[in-house]
Amino acid sequence: MFDSLLIANRGEIACRVIRTARRLGLRTIAVYSDADAGARHVREADAAVRIGPADSTRSYLDSEAIVQAALATGAAAIHPGYGFLSESTELVRRCMAHGIVWVGPRAEVIERMGSKIESKRIAARADVQSVPGYHGDAQDAALLLEEARKIGAPLLIKASAGGGGKGMRRVDDLAGFAAQLDLAQREAKRAFGDEKVLIEKLIERPRHLEVQLAGDTHGNLVHLFERECSIQRNYQKVIEEAPAPNLTPLVRERLFSAALKLGREIGYDSLGTVEFVLAESSETPYFLEMNTRLQVEHPVTEQMTGLDLVEWQIRIAAGEALPLAQEQIAVSGWAIEARINCEDPAHGHRPEFGTVGRYVEPSLPGLRVDSGIAAGSIVSPHYDSMVAKLIGYGSTRAQAVDRLRDGLVSFEVAGIGTNQSLLAAIVDAPLFRSGRLTTGFLGEAFPGGWHDDAAALHGARIAAALLALHQREGRATDAADPWQQGSGYRFMAAAGRRAAMRLRVALDGEEVALSIERDAQGLWLARSGDDAAEPLRAQWLDDDVLLVSPRHGVARRYVVARDGDVTVVNHLGTRWRFHLLSEVRALARAASHADAQGDEIRSEMPGAVTEIRVAPGDAVAAGDVLVVMEAMKLIFPLVAARAGVVAMVCCNAGDVVPRGQILVKLEPLITEGAA
């Protein structure tokens with residue numbers, strides 16, 4: 001066994017690998033970009049080395065920088081985690097050249113299986129069926145369109161070197177094929193350095209299943225059973241579990257047989273995952289791809305089998321034989337994982353960035369938390385949106401579901417927004433509880449799209465208003481009743497009651513009139529617009545934690561804080577950024593923005609400006625792309641709402657901008673007739 005390990009990754013997977021490496025007595029070395037100088041994985045490692053700027057292409061994707069960091073710290077081995085360089089043959093060969101142990105399979109295996117095109121050929125030789133489609137090397141746009149016509153819509157364009165939904169585009173109408181091909185190739189080039197794509201027939205209502213393989217350098221190969229990964233959005237997994245529910249013994253055996261055939265065909269010698277798609281009414285799984293690395297969802301296999309897959313990886317890389325034979329590996333219980341992503345699922349899953357404020361990992365029976373953040377962590381637009389994973393496990397699927405649900409409502413992260421509310425809604429959905437899962441799950445479970453609970457938003461507005469009062473007057477327990485303390489509040493003494501605080505609470509341009517007062521019994525009375533007053537109790541649990549309990553309704557816990565002139569409120573992962581305005585200020589603001597409709601192109605989400613396609617004086621038509629943004633490795637074009645002339649470009653390529661920032665200003669297009 002080697003004595004030291006450099007983890008060529010960041011975030012939760014770096015922390016995960018460090019945990020096992022430390023248990024094995026290895027010295028751990030972290031690497032970090034400028035954006036991650038204070039990150040959790042840097043603090044948890046025994047040593048850390050800067051490898052470059054925030055841009056991943058000049059840091060985490062720079063294999064030379066990784067190797068030099070290993071040489072500088074005397075690291076005997078490198079573990080790549082997943083993503084970034086985990087399937088980079090260049091990094092493997094650099095390691096071999098410098099005598100550094102690579103924790104992963106041989107370079108030629110990564111190269112062959114890393115190409116979706118080549119892997120389909122290998123599958124055919126191993127007598128494993130693949131999804132029908134075009135898997136050729138020729139990439140001429142005209143040829144690809146012709147192949148698409150042969151396959152027919154609907155179809156998928158997929159990055160040959162990719163995964164995680166990046167470089168993948170669905171095409172339902174071949175008239176839009178060229179535009180989707182361009183986007184897929186650009187995303188693939190940006191994420192993987194390779195713009196080659198393949199085209200496959202889209203299988204409607206499929207299940208996404210995968211088999212965990214483990215092989216060593218002594219010729220041993222075993223499977224560690226299957227995982228269900230069907231719940232996805234934009235081709236990215238949301239919730240995974242093991243074993244897969246409602247799977248027949250015949251399908252299960254076919255999955256294991258196909259995965260082992262592929263592994264033997266290539267002489268697989270590490271941890272890896274073979275992925276399949278299964279049509280809902282079929283018992284024939286189709287091979288999709290093989291990931292020659294650890295998967296994000298590996299914890300569910302660990303909890304189901306009681307094995308440490310990272311330890312297996314390390315021991316295999318050190319030359320040891322597999323510790324168990326196939327008949328010695330058994331399933332015990334059930335495990336389900338939910339990915340905590342920094343995104344807003346109620347608004348198109350737009351990215352959410354910021355600094356983590358309050359952070360609490362619940363300690364509950366049957367709950368595992370794998371996280372890469374802590375209080376004070378900075379979530380930036382430069383990397384993937386996933387920051388943590390919650391894994392519920394138990395003796396039955398129902399128990400695992402309940403424990404995951406408990407974890408989701410207890411896990412607390414404030415200052416940034418996450419998808420926790422959506423995850424909790426998924427786990428509560430009858431369709432999920434039944435185990436009837438396909439990749440169309442989200443559309444079926446939430447046919448009108450998923451939206452935040454309106455009552456939760458109403459409570460968040462009240463929490464924002466009460467924070468303003470709390471900070472202005474000090475804690476009520478420290479002095480007399482704050483409503484008795486003047487400070488602009490007056491009594492309606494003749495009427496025998498206190499005056500109300502009236503204000504407007506603005507969120508994303510929408511303003512709601514809010515009136516709050518307190519009655520003689522100590523109840524708060526809140527009124528939105530013309531609605532009837534709602535009695536509720538509000539209790540400060542901490543300086544920044546407020547429990548709002550309506551007389552008729554669900555009590556909710558809000559974390560509230562000030563960020564400049566913004567009040568930030570978090571509840572179950574959702575983050576609201578409110579502006580509190582007096583009614584006079586609100587009216588003035590509305591008037592000043594009334595004429596700006598359509599003249600300003602604003603960032604629809606936080607992210608980095610990657611392209612500016614116009615300059616002042618350019619004439620544009622409605623629908624023209626003016627600016628291209630990137631957030632968490634996805635590309636978002638911003639278009640003109642109407643025809644006009646570019647009056648001003650208010651950003652530069654490379655700028656990282658918040659949601660709502662003006663990027664381009666237009667002025668009316670004057671025609672000859674109008675002149």
Side-chain angles (χ1 to χ4, degrees), residues 114-120 130-204 206 232-236 277 288-289 348-350 439-440 443 601 604-605 607-615 618-644 646 653 663-664:
S115 164
K116 289 186 175 68
I117 293 173
E118 175 63 17
S119 68
K120 306 289 185 184
S130 297
V131 179
Y134 173 73
H135 308 132
D137 290 318
Q139 295 288 299
D140 179 73
L143 181 144
L144 292 175
L145 176 58
E146 183 59 32
E147 293 294 335
R149 291 193 177 110
K150 293 177 185 177
I151 296 166
L155 57 80
L156 286 178
I157 304 169
K158 302 169 70 173
S160 176
K166 298 174 180 66
M168 184 181 293
R169 295 281 166 166
R170 173 173 175 157
V171 179
D172 291 301
D173 183 348
L174 292 180
F177 178 82
Q180 294 302 316
L181 174 64
D182 177 64
L183 284 171
Q185 290 175 326
R186 290 169 58 203
E187 283 185 357
K189 182 69 173 178
R190 181 75 174 169
F192 313 113
D194 184 350
E195 64 182 14
K196 190 178 293 185
V197 299
L198 54 86
I199 309 170
E200 290 182 343
K201 183 68 179 175
L202 179 68
I203 296 178
E204 302 281 7
Q232 303 177 7
R233 69 100 185 153
N234 195 28
Y235 308 109
Q236 295 190 17
V277 63
L288 277 180
E289 62 182 338
H349 298 273
R350 65 189 181 193
T439 57
I601 288 75
E604 297 174 1
M605 61 192 67
V609 176
T610 57
E611 289 184 61
I612 299 172
R613 297 192 178 181
V614 293
D618 288 353
V620 299
D624 284 356
V625 176
L626 309 184
V627 175
V628 178
M629 291 184 62
E630 179 181 335
M632 293 172 171
K633 301 181 183 178
L634 295 177
I635 295 170
F636 304 93
L638 301 180
V639 303
R642 59 169 178 75
V646 176
L663 303 180
V664 177

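Every value quoted in this text rests on a predicted model; they were computed, and no experiment measured them.
Within the model, atoms CG of L145 and CG of D140 stand 10.0 Å from one another, a figure rounded to the nearest 0.5 Å. In this structure, I612 CD1 and L663 CG are separated by 8.5 Å, a value rounded to the nearest 0.5 Å.
Heavy-atom minimum distance, D172 versus A153: O-CB, 3.4 Å. Taking each heavy atom of L198 and Y134 in turn, the nearest pair found is CB-O, 3.4 Å. Looking at every heavy atom in both residues, A184 comes nearest to I157 through CB-CG2, 3.8 Å.
The closest side-chain heavy-atom distance from R170 to L202 is below 4.5 Å. Within the 4.5 Å cutoff, the side chain of K201 has heavy atoms near those of the P154 side chain. Using a 4.5 Å heavy-atom threshold, the side chains of V628 and T610 count as touching. For the pair E200/K120, a side-chain contact is recorded, criterion being any heavy-atom separation below 4.5 Å from C-beta on. By the 4.5 Å heavy-atom criterion applied to side chains, V197 and Q185 are counted as neighbours. The side-chain heavy atoms of K158 and L288, taken from C-beta on, include a pair separated by under 4.5 Å.
Salt bridge status for K116 with E289: present, with a side-chain N to carboxylate O gap under 4.0 Å. Salt bridge status for R149 with E146: present, with a side-chain N to carboxylate O gap under 4.0 Å.
Residues passing the salt bridge (charged side-chain N to carboxylate O under 4.0 Å, His left out) test with E147 are K150, sequence neighbours excluded.
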